[in-house]
Trainee: 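Dropping the structure in here first, questions after.
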Amino acid sequence: MKPLGRKIAWGVWLALAAFGTWGVYLRMTTGHRLANYGSYFPWGLWVAVYVYFSGMSAGIFLLSMFVAVFRIRPLARLVRPGLFISAIALLVALLSISFDLGHMFRAPEVFLRPNFHSVMTLMAWLYAAYFPIILVALWLDLRGDPSLHAQRDDASGGQAREPARQRGERCLRCIGWLGIPLAVVFSSGLGGLFATLPAKPYWYQSLYPVLFLVGALLSGSALMLAVVSAGQRFQDEEGVRLRRILVRIVLGLLAFDIIIESAEILVPMWYAVGPEYHLYRTILFGRFAVLFWVVHVLFGIAVPLVLLIAKPCCRWAAAAAGILIAATFLAVRLILILPGEITPEIKGLREAYADPRLSFSYVPSTFEWAVVAFLIALGWAVFVLGNRTRLFRDAGTVPDKA
Amino acid sequence: MRIDKEDLPVPDPEVTAANRAQNAIERGDFLRKAAMLAAGTCSLAVGAAATVSRREAPARVPAQPDGADLDNPLERMRRELERALRKPMEERKWVMVIDRQKCIGCKACTVSCAVENDLPPGVVYRPVTEDEVGQFPHVRRVFLPRPCMQCEKPPCTPVCPVTATYRRPDGVVVVDYDICIGCRYCLNACPYNARTADFGEFFTEPAGREAAGLVGEPATAYEHRATFEYGKSRRREHGKERSPMGNARKCHFCLHRVENGMLPACVATCLGGATLFGDYGDPASLVHELVGSTRVTRLKEDLGTEPSVFYLA
């Protein structure tokens, strides 16, 4: 990175870290008092951020493991950075949801007295299995790294290298076979968290798990496209080929996501009646209109589509498109979650008892954004630190099919 | 035309005194008549209420085993409560009946519940909604007190990741404050918005003091006194995120009162006698009679949650 760019990056990171530290300090000292969600609007920004990062983690993991399991050689260099970013995203997601808990230090109760009928419990247990799988996969991928064995090769004339590497690859594929279904279940299970609640007609739909799975894959692939396009080490011939394949993957997923989202919106709105009609009107023309049309449709779909179709070979166009899709996907998560909470379950409840916590409208407070800034700063810092170590070196561990 | 003070007639002191005496006699007479009229109206109202009550009751009311006074619903419910408490918990089924025609929307139940449970800002167990039905001149206001429905098939309990909320054998859905992690999943799962979260706020905190108009030591002391929800003494204190702060909270039919032979606060303070409570497992109970009425409805029956709160339309 150029010195000016480095300075700007440092400045942004320091600002995020300072703002975020203030937020976390307030969270630890004042609890939830400065947050704007309430009893009738129980889930706000932090839940959306949790779903966003958690889905992104699953999407990147799935992409990386598909490459490893099915030995897709042109995408082989995605595996290690993918696993690493996936672990960071999961860490950020879990921190976000723990800040949202009323008693964050009681979180281990989910393992001590679990209720396996609850989707939330299943998610917690899946995370408990998923996180070690990422770490083991990362370790196995490192084990197969030729650079690790270079010194021993020198000593043994290259004989020590091959068996260890082959064993590492085999184990990585085994882990992949285990991890892929797990990641599919938990990324769609994120949708299940909402879709299993009959009390909320907006959430209570079978499409949600599919929508969350596709969203996870799209946001994860888009972030990897951004990393591959912006990263200096991916600018060789192999890296350019990798970028072009990723552009096609992202375009395909974007098209699929548009189809599903269109179905989700058009079906309940078609005859302009029914409980969900008014909710979707609020999303399209009411208080969520800016989030939907400007952030999601314009910057999350239209601009990236134009960039990827008009300039498929341009590195910076691909990077911008990837960043735009990945970053604005938070808007998709907000649109999928927040509107479900704006309708009183019983008519007149809004006026029955006046209190800011008993409101059916919600705008995240500065404090909530500060905590999110902390999470982003933390994730960014871990990413940069990892980038400077062996973790991010090109591996190319996936061999040709035998 | 301008009238000066000097133009006004000067009152004769003797005539004024006589007028005062006459007015006093008339006022006394008026008050006596008004009192008689009020008493008469009340008698008529009570008579009418008794007639309505008798009309709603089944033709053959089961005899009260302990000879409770059938004409006084509160006294009758207390006796029935004592009788129910002598049974094992599994044989009791607490239900609430709310007569919407008797509810006057005074919100005494909301206030008494908040006081009984020392509810902090943003936590409400029993709001009363208001609605206007019809158009002028055929218009009326209707009220709907909304406690927890204590569903037989509660959607809020299976979602709890740590089994902190569950349905007791007597039908009351409770929250174990010492286990609840505060994820607020149950709040979203409740189709009646009957759960609220305790965000650790105080009416007397600097931020809330001005809005609430509360100042001084008495108000602060009130907020910090111990409460006895679920039969356990707890204090909410500034700076200490101890339960129930951070927890999901809900109406529990004042179990701590009921299990000590007292009616729930909302029932005991209902001005119109609109809220009734008792053991549905007792065929001789008042609530058992009323649940058999043709006026009975429940909220969102289509969801199949089987609420234990019945409304008389």
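Model, not experiment: these values are computed from the prediction. Here is how names work: the chains are called A, B, and so on, in the same order as the sequence lines, proteins then strands, and each is numbered from 1. Hydrogens, waters and symmetry mates are skipped; everything else that's a heavy atom, side chains included, is used.
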Trainee: Given that the side chain runs from C-beta out, which part of A:Asn115 has a heavy atom under 4.5 Å from chain B: side chain, backbone, both or neither?
Mentor: both
Trainee: Tell me, yes or no, whether the heavy-atom count around A:Phe131 atom CZ, taken from other residues, nucleotides or ligands under 6.0 Å, exceeds 12.
Mentor: yes
Trainee: Please rank B:Pro127, B:Pro155, B:Pro161 by heavy-atom pairs under 4.5 Å with chain A and give me the top one.
Mentor: B:Pro161
Trainee: More than 12 heavy atoms of other residues, nucleotides or ligands under 6.0 Å from OH of A:Tyr25: is that the case?
Mentor: no
Trainee: Taking side chain as C-beta onward, heavy atoms only, is A:Phe194 less than 4.5 Å from B:Asn188?
Mentor: no
Trainee: Could you tell me which portion of B:Ser243 (side chain, backbone, both or neither) has an atom closer than 4.5 angstrom to a non-hydrogen atom of chain A?
Mentor: both
Trainee: Quick one: of A:Ala35, A:Ser359, A:Ala352, A:Pro42, who has the most non-hydrogen atom pairs under 4.5 Å with chain B?
Mentor: A:Pro42
Trainee: Roughly how far, to the nearest 0.5 Å, is the SG atom of B:Cys190 from the CG atom of A:Leu197?
Mentor: 11.0 Å
Trainee: Taking the side chain as every heavy atom from C-beta outward, state whether B:Ile179 and A:Glu109 have any atom pair closer than 4.5 Å.
Mentor: yes
Trainee: Is the count of non-hydrogen atoms from other residues, nucleotides or ligands lying under 6.0 Å from A:Tyr271 atom OH greater than 12?
Mentor: no
Trainee: For B:Pro121, is it the side chain, the backbone, both or neither that has a heavy atom under 4.5 Å from a heavy atom of chain A?
Mentor: both
Trainee: Quick one: are A:Phe360 and B:Asn193 in side-chain contact, heavy atoms under 4.5 Å?
Mentor: yes
Trainee: Tell me which of these, B:Val123, B:Val124, B:Asp198, has more heavy-atom pairs under 4.5 Å with chain A than the rest.
Mentor: B:Val124
Trainee: I want to check something: taking the side chain as every heavy atom from C-beta on, are B:Val159 and A:Met120 in contact at a cut-off of under 4.5 Å?
Mentor: no
Trainee: Which bit of B:Asp131 is near chain A, if near means a heavy-atom gap under 4.5 Å: side chain, backbone, both or neither?
Mentor: side chain
Trainee: Contact between A:Glu345 and B:Leu299 at the side-chain level, heavy atoms closer than 4.5 Å - yes or no?
Mentor: no
Trainee: Find the one option among A:Gly38, A:Gly340, A:Gly31 whose heavy-atom pairs under 4.5 Å with chain B are most numerous.
Mentor: A:Gly38
Trainee: Report which part of B:Arg249 has an atom under 4.5 Å of a heavy atom belonging to chain A: side chain, backbone, both, or neither.
Mentor: neither
Trainee: Compare all side-chain heavy atoms of B:Arg184 with those of A:His32 and state whether any distance is below 4.5 angstrom.
Mentor: yes
Trainee: Given heavy-atom pairs under 4.5 angstrom as the criterion, report whether the side chain, backbone, both or neither of A:Leu349 touches chain B.
Mentor: both
Trainee: In Å, rounded to the nearest 0.5 Å, how long is the span from CZ of B:Phe202 to CZ of A:Arg33?
Mentor: 7.0 Å
Trainee: May I ask you to check whether over 12 heavy atoms, not counting those of B:Arg140, lie within 6.0 Å of atom CZ?
Mentor: no
Trainee: Answer with side chain, backbone, both or neither: which region of B:Cys156 has an atom nearer than 4.5 Å to a non-hydrogen atom of chain A?
Mentor: neither
Trainee: What's the spacing between A:Asp355 CG and B:Thr196 OG1 if we round to 0.5 Å?
Mentor: 10.0 Å
Trainee: Answer with side chain, backbone, both or neither: which region of A:Thr196 has an atom nearer than 4.5 Å to a non-hydrogen atom of chain B?
Mentor: side chain
Trainee: Tell me whether B:Gln135 at atom CD has more than 12 heavy atoms from other residues, nucleotides or ligands lying less than 6.0 Å away.
Mentor: no
Trainee: If you round to the nearest 0.5 Å, how far is NE2 of A:His117 from OG1 of B:Thr157?
Mentor: 9.0 Å
Trainee: Please determine, among A:Thr29, A:Val110, A:Asp100, the option with the most heavy-atom pairs under 4.5 Å with chain B.
Mentor: A:Asp100
Trainee: If we define contacts as heavy-atom pairs under 4.5 Å, which of B:Leu144, B:Asn247, B:Val162 has the most with chain A?
Mentor: B:Val162
Trainee: Taking atom CZ as the centre, does A:Arg281 end up with more than 12 heavy-atom neighbours from other residues, nucleotides or ligands that are less than 6.0 angstrom away?
Mentor: no
Trainee: So which of B:Thr129, B:Thr110, B:Leu187, B:Thr305 has the largest heavy-atom pair count under 4.5 angstrom toward chain A?
Mentor: B:Thr129
Trainee: Measure across A:Arg113 and B:Thr163 and return the closest heavy-atom pair with its distance rounded to 0.1 Å.
Mentor: O-OG1, 3.8 Å
Trainee: Would you name the heavy atoms of B:Tyr185 and A:Gly192 that are closest together and state the gap between them?
Mentor: OH-O, 4.3 Å
Trainee: Report which part of B:Val128 has an atom under 4.5 Å of a heavy atom belonging to chain A: side chain, backbone, both, or neither.
Mentor: backbone
Trainee: Please give me the minimum heavy-atom distance between B:Cys160 and A:Ser118, naming the atom from each residue.
Mentor: O-CB, 3.7 Å
Trainee: What part of A:Tyr37 gets within 4.5 angstrom of chain B, counting heavy atoms only: side chain, backbone, both, or neither?
Mentor: both
Trainee: Given a strict heavy-atom distance threshold of 4.5 Å, which part of A:Ile97 is in contact with chain B: side chain, backbone, both, or neither?
Mentor: neither
Trainee: With chain B, which of A:Leu193, A:Leu112, A:Val47, A:Leu122 has the greatest number of heavy-atom pairs at distances under 4.5 Å?
Mentor: A:Leu193
Trainee: So how far is it from A:Trp43 CH2 to B:Cys183 SG, rounded to the nearest 0.5 Å?
Mentor: 7.0 Å
